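Below is one structure, written out as structure tokens; the observations come after it.
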Amino acid sequence: MAHQLVYIADDTEYNEAFADAVSRIGLDKWLQIQPHEEQKRIQQILTNEDLFINTVLTYREKLVQLYAYNGDEPTIKEQKTSIINSLRESLRQQIHDWDSKSKYQSWLDDEINNARLAIVSTYRSLLPDFMALYQRTNEDLGNFYEIISKLSRCQKDQRKRFLEIPEKINLAC
């Protein structure tokens with residue numbers, strides 16, 4: 001449904017983070033009318049998911065920094081393997097006691113490579129910015145959608161800068 005409101009052909013990161021934000025906002029509204037135990041259960045799932053994804057993004061950033069390093073190829077490959085092994089071990093420790101462990105275990109069982117890490121980044125890296133923007137609208141969904149619609153007319157770099165520092169960027173594109 002979010003893509004029906006705003007979809008920008010050349011900006012997957014923006015589109016998917018916006019859609020994820022809309023789903024989180026909807027889930028939060030739904031949770032408000034659920035029994036306390038259900039709220040706690042769902043919130044724990046979301047907390048676990050955020051922890052998992054933030055860990056993946058942290059290790060992806062380590063790889064980005066490694067690739068910027070001008071070392072020899074064997075050293076870079078060795079360090080990449082070490083970073084991926086550390087990521088895998090960190091995630092295994094995180095999910096050890098989670099009820100939804102199987103969902104994450106299947107992700108760990110597959111090969112972890114740059115493409116899989118990029119997908120996580122594409123879908124989630126802007127989510128905190130969209131959620132912060134929603135908070136700054138005093139959780140007014142209509143105002144939030146209006147700002148997002150206006151942002152969709154901006155250039156990609158302008159959209160990203162606005163989301164990162166909205167108080168310093170003019171929304172008029």
Side-chain angles (χ1 to χ4, degrees), residues 1-8 10-69 74-136 139 141 144 148 156 159-160 163-164:
M1 292 177 63
H3 294 317
Q4 292 174 357
L5 178 67
V6 172
Y7 182 82
I8 302 164
D10 67 338
D11 201 344
T12 302
E13 183 180 40
Y14 183 88
N15 293 328
E16 298 307 330
F18 171 63
D20 206 5
V22 169
S23 72
R24 281 286 177 105
I25 291 165
L27 179 59
D28 287 345
K29 290 185 178 302
W30 176 81
L31 278 175
Q32 291 173 6
I33 60 170
Q34 299 307 306
H36 181 69
E37 286 303 313
E38 183 67 0
Q39 290 177 12
K40 282 177 44 180
R41 187 183 73 78
I42 298 294
Q43 191 55 53
Q44 186 61 55
I45 290 170
L46 294 174
T47 298
N48 291 349
E49 180 179 288
D50 288 344
L51 178 60
F52 187 91
I53 288 172
N54 289 336
T55 301
V56 169
L57 293 176
T58 297
Y59 278 87
R60 181 179 184 270
E61 184 56 34
K62 290 179 182 186
L63 289 171
V64 167
Q65 292 172 8
L66 172 64
Y67 300 145
Y69 170 70
T75 301
I76 290 174
K77 282 186 177 182
E78 180 181 314
Q79 289 178 353
K80 176 185 175 184
T81 299
S82 176
I83 290 169
I84 297 225
N85 288 341
S86 292
L87 167 61
R88 192 180 300 277
E89 183 56 31
S90 179
L91 292 173
R92 281 191 206 288
Q93 289 175 10
Q94 281 179 10
I95 70 170
H96 184 265
D97 295 323
W98 292 358
D99 290 339
S100 54
K101 178 180 177 177
S102 62
K103 169 185 172 182
Y104 299 101
Q105 187 62 52
S106 64
W107 194 90
L108 284 171
D109 289 343
D110 290 338
E111 179 186 3
I112 298 175
N113 56 33
N114 293 332
R116 289 186 75 215
L117 297 174
I119 288 170
V120 172
S121 177
T122 297
Y123 279 72
R124 291 300 288 269
S125 62
L126 292 177
L127 177 62
D129 298 326
F130 276 103
M131 295 307 292
L133 176 61
Y134 177 65
Q135 294 296 318
R136 284 190 300 279
E139 299 184 4
L141 200 52
F144 177 69
I148 297 303
K156 186 175 185 175
R159 286 190 297 271
K160 191 165 185 173
L163 286 171
E164 290 170 350

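Remember, predicted model here, so these are calculated numbers, not experimental data.
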Name all pairs fulfilling the side-chain hydrogen bond (donor to acceptor under 3.5 Å, both in side chains) condition that reach into residues 103-114, sequence neighbours left out, sorted by first residue then second. Glu49-Lys103, Tyr67-Asn114, Gln105-Asp109
Non-hydrogen atoms of [X] and [Y] that approach each other most closely:
X	Y	value
Glu16	Thr122	CB-O, 4.4 Å
Ala17	Leu127	CB-N, 3.7 Å
Ala118	Arg60	CA-NE, 3.7 Å
Tyr69	Ile76	O-CD1, 3.7 Å

Residues in side chain to side chain donor-acceptor pair (under 3.5 Å) contact with [X], at least two apart in sequence or another chain:
X	result
Ser86	none
Ser23	Asp20
Glu37	none

Are side-chain N/O atoms of Glu89 and Asn85 paired as donor and acceptor at under 3.5 Å? no
Sorted by first residue and then second, give each salt bridge (Lys or Arg N to Asp or Glu O under 4.0 Å) pair with at least one member in residues 75-86; sequence neighbours left out.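 Qualifying pairs: Glu73-Lys77.
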Could you state the interatomic distance from CG (Leu163) to CZ (Phe130), rounded to the nearest 0.5 Å?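 That separation rounds to 4.5 Å.
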Look up atom OG1 in Thr55 and atom OH in Tyr59, then write down how far apart they are to the nearest 0.5 Å. 7.5 Å
Apply side chain to side chain contact (heavy atoms under 4.5 Å, CB included) to Thr75 and list each qualifying residue two or more places apart in sequence or on a separate chain.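 If we apply the side chain to side chain contact (heavy atoms under 4.5 Å, CB included) test to Thr75, skipping adjacent residues, the hits are Asp72, Gln79.
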Does Arg159 pair with Asp11 as a salt bridge, N-O distance under 4.0 Å?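 Yes, Arg159 and Asp11 are salt-bridged.
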Any residue meeting salt bridge (Lys or Arg N to Asp or Glu O under 4.0 Å) with [X], in chain and number order, not counting sequence neighbours:
X	result
Lys62	none
Asp50	Arg24, Arg124
Glu13	Lys160

According to ring-ring contact (aromatic ring centres under 6.0 Å, His included), who are the partners of Tyr7, at least two apart in sequence or on a separate chain?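 With neighbours one apart ignored, the set is His3.
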May I have the list of side-chain donor-acceptor pairs in residues 29-36 shorter than 3.5 Å, sequence neighbours left out?
from	atom 1	to	atom 2	distance (Å)
Lys29	NZ	Tyr134	OH	3.4
Gln34	NE2	Trp30	O	3.4

From CA spacing to verdict: side chain to side chain contact (heavy atoms under 4.5 Å, CB included), Ile112, Val56: CA-CA 10 Å; Ile112 298 175; Val56 169; over 6 Å; no
